Amino acid sequence: MNISIITVGKLKEKYLKQGIAEYIKRLGSYAKVEVIELPDEKAPEELSEIEKTQAKQKEGERILSKIGQDTHVIALAINGKQRSSEELADNLDKLATYGKSKIAFIIGGSLGLSEEVLKRADEQLSFSKMTFPHQLMRLILIEQIYRAFRINRGEPYHK
């Protein structure tokens, strides 16, 4: 399975980089994982709704340019479906069973995802109704992907 994590914004925190690198290394025996970092739109705190939409559209165009036609897209969105770790594992297992070998998880920038990206997504996934920094979300997501592979292989992993 080939998994892409397409994310908006640069990761600066060393501890997050180290954690992500560790999980990518661990995932190496299960799947090929790549993280694609795209630049975010520079935006002041106070934006009009039109300016927010324009910024999301520009980021969305960059995201969509990295997604192949045959890629199953899972967008992280606060209004997406919440799943347990076991349900995520089952979902990834079913995708593999039905020949979906390319999966892209999308993490938007601080403004969220454009409508175009949400429409392209095959599904939307929410980790919580809470808002998390998108940099931290990378680590949480990759840990959950690793956990899913361990669950699917019947390998031990703490609960």
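A quick note: this is a predicted structure, and the numbers were derived from the prediction, not measured.
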task = Kindly state each residue pair satisfying ring-ring contact (aromatic ring centres under 6.0 Å, His included) with at least one member in residues 70-119, sequence neighbours excluded.
result = none
inquiry  = Could you measure the distance from the CG atom of Leu125 to the CD atom of Gln144? Nearest 0.5 Å is fine.
reply    = 9.0 Å
request  = Evaluate the criterion salt bridge (Lys or Arg N to Asp or Glu O under 4.0 Å) for residue pair Glu116 and Arg120; output intermediate values, then yes/no.
outcome  = CA-CA 6 Å; Glu116 294 80 9; Arg120 170 59 181 90; over 6 Å; no
key: Minimum heavy-atom distance between Ser126 and Gly80, given as atom pair plus value   = CB-O, 3.4 Å
query = Given the rule that I, L, V, M, F, W and Y join up when any side-chain heavy atoms are under 4.5 Å apart, are Met1 and Ile74 in one cluster?
reply = yes
key: Residue pairs, two or more places apart or on separate chains, that pass ring-ring contact (aromatic ring centres under 6.0 Å, His included) and touch residues 116-153   = Tyr23-Tyr146, Tyr30-Phe149, Tyr146-Tyr157
key: Qualifying residue for side chain to side chain donor-acceptor pair (under 3.5 Å) with Glu41, from Lys52, Lys56, Arg62   = Arg62
ask   = Hey, mind stepping through Glu123 and Asn91 against side-chain contact (heavy atoms from CB on, under 4.5 Å) and telling me if it holds?
value = CA-CA 11 Å; Glu123 55 186 292; Asn91 189 40; 3.0 Å; yes
request  = Any chance you could lay out the side-chain contact (heavy atoms from CB on, under 4.5 Å) test for Ile106 and Ile67, step after step, and finish with the verdict?
outcome  = CA-CA 10 Å; Ile106 311 297; Ile67 300 171; 3.9 Å; yes
message = Distance check, rounded to the nearest 0.5 Å: Asp90 atom CG versus Asn152 atom CG?
response = 7.5 Å
query = Should Ile36 and Val73 be regarded as members of a common hydrophobic cluster, given that ILVMFWY residues are connected when their side-chain heavy atoms come within less than 4.5 Å of each other, either directly or indirectly?
reply = yes
key: Nearest heavy atoms of Gly108 and Leu113, plus distance in Å   = CA-CD2, 3.4 Å
key: Lys94 atom NZ, over 12 foreign heavy atoms within 6.0 Å   = no
note = Interatomic distance, NZ@Lys42 vs NZ@Lys58, rounded to 0.5 Å, equals 13.0 Å
inquiry  = Please give me the minimum heavy-atom distance between Gly19 and Leu139, naming the atom from each residue.
reply    = C-CD1, 3.5 Å
ask   = Which distance, rounded to the nearest 0.5 Å, do you find between the CG of Leu27 and the CD of Glu22?
value = 10.0 Å
task = Calculate, to the nearest 0.5 Å, the distance between atoms CD1 and CD1 belonging to Ile145 and Ile140 respectively.
result = 12.0 Å
ask   = What's the shortest heavy-atom distance between Met130 and Ile78, and which atoms?
value = O-CD1, 3.8 Å
key: Point-to-point distance, once rounded to the nearest 0.5 Å, from CG of Leu38 to CD of Glu59   = 9.0 Å
ask   = What is the minimum heavy-atom distance between Ser85 and Arg147, and which atoms define it?
value = OG-CD, 3.5 Å
Cluster overlap Leu111 with Val117, hydrophobic side-chain contacts below 4.5 Å = no
inquiry  = Show the nearest heavy-atom pair for residues Ser114 and Gly60, with the distance to one decimal.
reply    = OG-CA, 3.7 Å
Cluster overlap Leu141 with Leu92, hydrophobic side-chain contacts below 4.5 Å = yes
inquiry  = Would you say Ile20 ends up clustered with Leu76 if hydrophobic residues are merged whenever their side chains have heavy atoms under 4.5 Å apart, either directly or through other cluster members?
reply    = yes
Quick one: side chains of residues 2-10, donor-acceptor pairs under 3.5 Å with protein atoms, not counting sequence neighbours, listed by atom name and distance.
from, atom 1, to, atom 2, distance (Å)
Ser4, OG, Glu34, OE2, 3.4
Thr7, OG1, Arg138, NE, 3.3

